There are 4 protein chains.
Amino acid sequence: MQPSVVSNVDDPALVEMRRSQFVKAAGELFARKGYHKTTIREITQGAGLSTGLIYSYVRSKEDVLFLVLENVLTSYLHEIPLALENADGPVERFCATVRAYCRVIGDKPHATLLAYRETKSLNPEYQAVIKRMELETNRLIIDRIEECLAAGYFRPVNIELLTYRIVLLAHGWALKAWRLQQFVTLEDYIEEGLDLFLNALMTPAGWSHYQQPERRTGTK
Amino acid sequence: MQPSVVSNVDDPALVEMRRSQFVKAAGELFARKGYHKTTIREITQGAGLSTGLIYSYVRSKEDVLFLVLENVLTSYLHEIPLALENADGPVERFCATVRAYCRVIGDKPHATLLAYRETKSLNPEYQAVIKRMELETNRLIIDRIEECLAAGYFRPVNIELLTYRIVLLAHGWALKAWRLQQFVTLEDYIEEGLDLFLNALMTPAGWSHYQQPERRTGTK
Amino acid sequence: MQPSVVSNVDDPALVEMRRSQFVKAAGELFARKGYHKTTIREITQGAGLSTGLIYSYVRSKEDVLFLVLENVLTSYLHEIPLALENADGPVERFCATVRAYCRVIGDKPHATLLAYRETKSLNPEYQAVIKRMELETNRLIIDRIEECLAAGYFRPVNIELLTYRIVLLAHGWALKAWRLQQFVTLEDYIEEGLDLFLNALMTPAGWSHYQQPERRTGTK
Amino acid sequence: MQPSVVSNVDDPALVEMRRSQFVKAAGELFARKGYHKTTIREITQGAGLSTGLIYSYVRSKEDVLFLVLENVLTSYLHEIPLALENADGPVERFCATVRAYCRVIGDKPHATLLAYRETKSLNPEYQAVIKRMELETNRLIIDRIEECLAAGYFRPVNIELLTYRIVLLAHGWALKAWRLQQFVTLEDYIEEGLDLFLNALMTPAGWSHYQQPERRTGTK
DNA sequence: GATGAATGAGCCTTCATTCAT
DNA sequence: CATGAATGAAGGCTCATTCAT
């Protein structure tokens, strides 16, 4: 991994610690007020440190935004795979991943919103890094789909497109949570969404191997 | 309609014309550089007019953003219903609306991205107006769903939730066009999406009344 | 008299009329909001005319201020001498002039305040004209003092200084009216002030010829 | 004292120093060019500091004006009472205060003129503070008058009114210095003014206790 | 003569960034 | 390493003035 954001300070543990302080404060402020309306002073004050110090750990305000977004994406990359630990078959693993993705986003929808809103405020290089990380996250889903296809449990599909449909299922909650929350819980939103996909995707072989959970809406 | 943005100038035709000039220039700049990085000077130059003039037609830079977003939403509200003119049955009307929604957004994805990115830059009052307009647009879909339900062509569903799934189908294209375009056309994206929903929603009665187009992916 | 403020318009009667419209509106606005916080638009709107028109009767905003101030000073020059019509002896004429001066100012204290506040906003040439007019007004007092001296009714005094003491008596009311009004009427303020001066100035010969009004405070 | 003007900077000594730099520069500029024609850049340059810095010590340009005026009034409040140190009897103390007031104003007439000219440029709250300070200054005079009355050295008078006559004596010099200087010195202006008042005010008891200075104009 | 839309210079204020301590 | 005062470029907005109609 490239040392995308450079620091004046040598001690890596200190760098790590200070950055996480700034990123935490900045994340909250950016989510609430937006990147441009947040000042460096607010960030450093929020972190309980002095104004100038942040420039020992970051070259510019833009770096801070990048670190915040990188942080969000990295957490996805770390947390989603944990869901596979207790999942057995290919379909179960697919479902577990979708649920994990949705829950991770449902857990901090503001972070995802922030990514949608402010990624464009980054320079092209940083944007590219963020996009690359999104693609890495997508891979978590793609791999599950391919497992299901390999097992003959899913019909042939455009894998990339299906992946994005699932990404949009997850992100959709963050994007429209302000309204969706009024008439559905996150868990119901997930299950109904999964149901939709499984019904369209699963082969008979798939169904026979898949232990469906109780609640199902559009059974065939 | 509330005269949400006031003007110094009396002649309504002139107001209309100048505003559309400013809105056009601003829309392009906001989409390319973002709201905050765009200056009033750039907007007025883009419109071929002098710096100060814009303040005869708008009270603040924020007003310009509101007008741009209002303009986008209004165009949706006007253009989507046109698709109903040649659609006969309830399901056909539903499909026509979904297609129209997706195409309207596919036509100017930057406008939709702008709405996602910058609505938060508006004051709460303006945000509320924008949200209300989004709900009005949703109604175009809700009405189609209810027609299908009334005719017994769709199974019982959570209407609001289904509406948002369709909204996300349409918006999803704008949000992820940078990647989706690489492996699917808008039309295929639409049809496959529609297919997914119809398979999950349609009753046998629905199928017997609905003239499916040639291309279908997940046949029953 | 120099045509200090020039106009594009030929018809003198029209010039006179329009100017008085603008001066009236401007006078009120300047007194209320100050010269700099008043806009040309407010003035023209206050006069019920269009923005551009004022520049046919005046070269600049500064000209308007000059006209307003000139107007005030001119009115003093016209109104104060009227008090002499019914005044007989030198002392009576002196007193009548002092009273008239104070009353003229008491009548529109805002105009005098405006002169104190905004004369410095004029260019040096205009300031000089205003000062010259003030000196002309002073002459109305000086002449009265000289009459009393010539008659042997006033002791020898520094005429200019005495004049300014009287000017300050009059202007003082305008300058401090906000407080003075709370514990004295203008008429009492005048009479007590006059009394002060007469006691200090009058010779025995003066007293024997002067019909004192009833009310006197500090009699010897 | 209320912290009417707030500062970003903590160190009180620094705040004090910087403010006095800005106030000094601003005071001169305001007196020469007026408040509105003076720019923040001129003030900061005059203080030898950078443009933005002033906003660490002041919230707005208006604050600067307030500080300048407050500074003037405060200096009156501090300096005038010093005159009492060597003054013995009530009348001596009265005269000393009047002289001190006149001299303080004669020392920096521009400051007093500035107060007359620009107080209205302040918001109502600040105006009220300034007026309150003027009343505090008046108290310095009122107290002297009351001493003289208590001792039976002055005849009964309207104290407030007399106070304002003295205030106007002092301010009058600032207001008309441009002309008065041409035919009288400040000291003569003061003594002649005092003389006028004493002759009108003093009781026989007063005279017998008061050591008149040599120079007297209107002797009894 | 009258109108009012258009111009554009200029000002207050903000805030990312620097650097002396 | 940390602090926070200082810098100065840049942007939103106002408004006197012009000029085509």
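Just so it is clear, the model here is predicted, and its values are computed rather than measured. Order of the sequence lines sets the chain letters (A, B, ...), proteins ahead of strands, with each chain counted from 1.
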Closer than 3.5 angstrom, by distance alone: can the side chain of C/Lys120 be matched with the main-chain N or O of C/Gln127 as a donor-acceptor pair? no
To the nearest Å, give me how far apart CG (D/Asp63) and C1' (E/dT13) are. 13 Å
Quick one: the dot-bracket string of DNA chain E, using Watson-Crick and G-U wobble pairs with both distances under 3.5 Å, [ ] for crossing pairs and | for bases paired to another strand. .||||||||||||||||||||
Please report the distance, rounded to the nearest Å, between CD in D/Glu42 and P in E/dC12. 8 Å
Would you say the side chains of B/Tyr126 and B/Asp63 form a donor-acceptor pair under 3.5 Å? yes
Atom pair distance, as rounded to whole Å: CG in C/Leu49 and C1' in E/dT3: 10 Å
How would you label the contact of A/Asp11 with the nucleic acid (heavy atoms, under 4.0 Å): base, sugar-phosphate, or nothing? sugar-phosphate
Could you note down all residue pairs passing salt bridge (Lys or Arg N to Asp or Glu O under 4.0 Å) where residues 36-45 of chain C supplies at least one of them, sequence neighbours left out? C/Lys33-C/Glu42
Sugar-phosphate means primed atoms, P, OP1 and OP2; the rest is base. With that split, encode nucleotides 15-21 of chain F 5' to 3' as B, S or - using protein heavy atoms under 4.0 Å. SSBB---
Candidate pair D/Thr44 and D/Leu53, rule side chain to side chain contact (heavy atoms under 4.5 Å, CB included), full reasoning: CA-CA 8 Å; D/Thr44 53; D/Leu53 191 63; over 6 Å; no
Can you tell me if D/Ser7 uses its side chain to pair, donor with acceptor, with the backbone of D/Ser56 under 3.5 Å? yes
By side-chain hydrogen bond (donor to acceptor under 3.5 Å, both in side chains) - contacts of D/Lys24 (at least two apart): none
With the side chain defined as heavy atoms from C-beta on, C/Arg18 is closest, among E/dA2, F/dC1, F/dA5, to E/dA2
With sequence neighbours excluded, residues passing ring pair (Phe, Tyr, Trp, His ring centres under 6.0 Å) with B/Tyr35: B/Phe30
My understanding is that only residues two or more places apart in sequence, or in another chain, count here; which of them pass side-chain hydrogen bond (donor to acceptor under 3.5 Å, both in side chains) with A/Arg18? A/Gln21
